[in-house]
Amino acid sequence: MRTLPYSGWGLNRSKTLFLAHRKEPVDPAGFYSLIAADSVRQLLRYTSLTDQLVLDVGGGPGYFRSAFLDAGARYVWVEPDVSEMEAGGIDDVPGRVRGSALDLPFLSGSIDLCYTSNVLEHVPDPWRMCSELVRVTRPGGLIFLSYTNWLSPWGGHETAPWHYLGGDRAAARFERRRGHAPKNIYGRTLFPVSVADTLSWARRRADVEILDAMPRYLPDWAKVILRVPGAREIVTWNLAMVLRKL
């Protein structure tokens with residue numbers, strides 16, 4: 001597993017992750033390998049990964065594969081976009097599955113740990129995707145759900161911060177200035193998902209319990225912001241939830 005340049009869960013970790021995020025457009029492999037190692041470290045707070053079957057939903061090129069395998073997990077990933085699957089140069093390895101997060105090609109209760117990072121905001125029906133995560137996870141298994149909420153400073157992705165004026169307006173501005181449409185097109189491949197709605201969805205489910213919820217890239221003490229309606233939509237930046245299937 002990659003050695004992380006920080007320990008603990010404080011400001012040093014947050015600074016490192018945000019600085020790495022700025023380099024993502026030119027060094028995606030470096031950024032995602034750091035996030036993968038950090039994700040494994042986060043998950044080890046709740047469970048052992050040894051011999052656990054981990055499903056990475058929306059795993060793209062498989063950047064997270066090495067980190068999970070190094071932690072002792074059995075790793076498979078599902079991705080709908082062939083070009084994304086091939087982007088990392090990982091060919092002819094077991095575990096790659098082409099499929100949709102809205103209709104996961106796995107049996108109910110077949111996965112020990114269902115992991116998804118920065119995918120929920122890219123599907124047109126987030127609650128159907130969330131229900132699929134629950135369906136494929138075995139009773140007692142965990143679900144790690146993380147995504148960039150719409151009203152965070154990065155909610156519009158490459159069109160941010162102009163998404164605060166509206167997703168269509170932000171996309172049009174981007175196209176005028178860059179001469180091409182953004183990769184993430186509002187209403188087609190990028191959708192507004194709120195912290196409040198996600199917390200409410202999880203609390204309504206009778207078949208999961210929330211083990212933890214946090215601003216993913218912020219220090220542990222920043223969890224308190226999730227208790228503040230309105231402010232949490234901006235400050236959280238990226239919501240992470242750990243759920244247990246009952």
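This chain uses plain numbering: 1 for the first residue, then up along the sequence.
The salt bridge (Lys or Arg N to Asp or Glu O under 4.0 Å) pairs that include a residue from residues 135-154 are Asp112-Arg138, Glu132-Arg135, where partners are two or more places apart or lie in different chains. Counting only residues at least two apart or on different chains, the ring-ring contact (aromatic ring centres under 6.0 Å, His included) pairs with a member in residues 216-246 are Phe18-Trp237. Pairs of residues two or more places apart, or lying in two chains, never qualify as salt bridge (Lys or Arg N to Asp or Glu O under 4.0 Å) while including a residue from residues 156-167. Residue pairs meeting the side-chain hydrogen bond (donor to acceptor under 3.5 Å, both in side chains) criterion with at least one partner in residues 222-233, sequence neighbours excluded, are Asp212-Lys223.
In Arg22, the CZ atom is not crowded: 12 or fewer heavy atoms of neighbouring residues, nucleotides or ligands sit closer than 6.0 Å. Annotation: Trp201, atom CH2; neighbour count of heavy atoms from other residues, nucleotides and ligands within 6.0 Å is above 12.
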Cys130 and Leu120: CA distance, side-chain angles, deciding distance, side-chain contact (heavy atoms from CB on, under 4.5 Å) verdict: CA-CA 8 Å; Cys130 288; Leu120 193 67; 3.7 Å; yes

Val193 vs Asn149, side-chain contact (heavy atoms from CB on, under 4.5 Å): CA-CA, chis, key distance, verdict: CA-CA 5 Å; Val193 187; Asn149 51 293; 5.9 Å; no

Stepwise side-chain hydrogen bond (donor to acceptor under 3.5 Å, both in side chains) check, Tyr75 with Asp56: CA-CA 8 Å; Tyr75 175 85; Asp56 183 355; 2.7 Å; yes

Thr159 vs Asn184, side-chain contact (heavy atoms from CB on, under 4.5 Å): CA-CA, chis, key distance, verdict: CA-CA 8 Å; Thr159 69; Asn184 298 285; over 6 Å; no

Full working for side-chain contact (heavy atoms from CB on, under 4.5 Å) between Asn118 and Asn238: CA-CA 8 Å; Asn118 295 309; Asn238 185 293; 2.8 Å; yes

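Taking every heavy atom of both residues into account, Thr16 and Pro5 meet most closely at CG2-CG, 3.7 Å. For the residue pair Ala202 and Val208, the shortest heavy atom distance occurs at O-CG2, 3.8 Å. Nearest approach of Ala222 to Leu218, heavy atoms of both residues: CB-CB, 3.8 Å. Residue Ser117 comes nearest to Arg216 through the heavy atom pair OG-NH1, 2.7 Å, listed as atom of the first residue, atom of the second, then distance. In plain terms, the two heavy atoms of His163 and Pro153 that are nearest each other are CE1-O, 3.7 Å. The two residues Val97 and Pro105 make their nearest non-hydrogen contact at CG1-CG, 3.8 Å.
Through direct or indirect side-chain contacts shorter than 4.5 Å among Ile, Leu, Val, Met, Phe, Trp and Tyr, Leu151 is connected to Trp150, Tyr164, Tyr186, Leu190, Ile234.
Under the rule for a side-chain hydrogen bond (donor to acceptor under 3.5 Å, both in side chains), Ser7 has no partner lying at least two apart in sequence or in another chain. Residues passing the side-chain hydrogen bond (donor to acceptor under 3.5 Å, both in side chains) test with Arg204, sequence neighbours excluded: Ser200. Shown here are the side-chain hydrogen bond (donor to acceptor under 3.5 Å, both in side chains) partners of Arg205, two or more places apart in sequence or in another chain: Ser131, Asp207. In terms of the side-chain hydrogen bond (donor to acceptor under 3.5 Å, both in side chains) criterion, Thr47 has no residue partners (sequence neighbours excluded). Under the rule for a salt bridge (charged side-chain N to carboxylate O under 4.0 Å, His left out), Arg176 has no partner lying at least two apart in sequence or in another chain. With sequence neighbours left out, the ring pair (Phe, Tyr, Trp, His ring centres under 6.0 Å) criterion links Phe64 to Tyr115. Arg244 is linked by a side chain to side chain contact (heavy atoms under 4.5 Å, CB included) to Leu142, Glu209, Leu211, counting only residues two or more places apart in sequence or in another chain.
Under a hydrophobic clustering in which Ile, Leu, Val, Met, Phe, Trp and Tyr are joined whenever their side-chain heavy atoms come within less than 4.5 Å, directly or via other members, Ile143 and Ile210 fall into the same cluster. Hydrophobic clustering keeps Leu34 apart from Trp9 (ILVMFWY residues linked when any side-chain heavy atoms are closer than 4.5 Å, directly or through intermediates). Criterion: ILVMFWY side-chain heavy atoms under 4.5 Å apart, direct or through other members. Under it, Phe31 and Leu4 are part of a common hydrophobic cluster.
In terms of modelled atom types and a separation under 3.5 Å, the side chain of Ser152 and the main chain of Thr148 share no donor-acceptor contact. With Lys245 contributing its side chain and Gly140 its backbone, the two residues share no donor-acceptor pair below 3.5 Å. Distance alone, capped at 3.5 Å, places no donor-acceptor pair between the Thr236 side chain and the Pro215 backbone. A donor-acceptor pair under 3.5 Å is absent between the side-chain atoms of Thr116 and the main chain of Val119, judged by distance alone. A donor-acceptor pair under 3.5 Å is formed between the side chain of Thr189 and the backbone N or O of Ile185. Within the 3.5 Å criterion, the main-chain N or O of Leu102 finds a donor-acceptor partner in the side chain of Ser100.
Within the 4.5 Å cutoff, the side chain of Leu113 has no heavy atoms near those of the Leu55 side chain. At least one side-chain heavy atom of Glu121 sits under 4.5 Å from a side-chain heavy atom of His157. Residues Arg41 and Tyr6 have side chains in contact (heavy-atom distance under 4.5 Å, counting atoms from C-beta outward). Residues Val76 and Val54 fail the side-chain proximity criterion, which asks for heavy atoms closer than 4.5 Å.
The cationic atom of Arg177 (NZ for Lys, CZ for Arg) does not lie both less than 6.0 Å from the six-membered ring centre of Trp162 and within 45° of the ring axis.
With rounding to the nearest 0.5 Å, the separation of CD1 in Ile35 from CG in Leu17 is 5.0 Å. Here the CG atom belonging to Asp197 is positioned 3.0 Å from the OG atom belonging to Ser194, to the nearest 0.5 angstrom.
Outside the 6.0 Å centre-distance limit, the rings of His122 and Phe191 are not counted as a close aromatic pair.
When each of Phe68, Tyr32, Trp77 is paired with Tyr63, the ring-ring contact (aromatic ring centres under 6.0 Å, His included) condition holds for Tyr32 and for no other.
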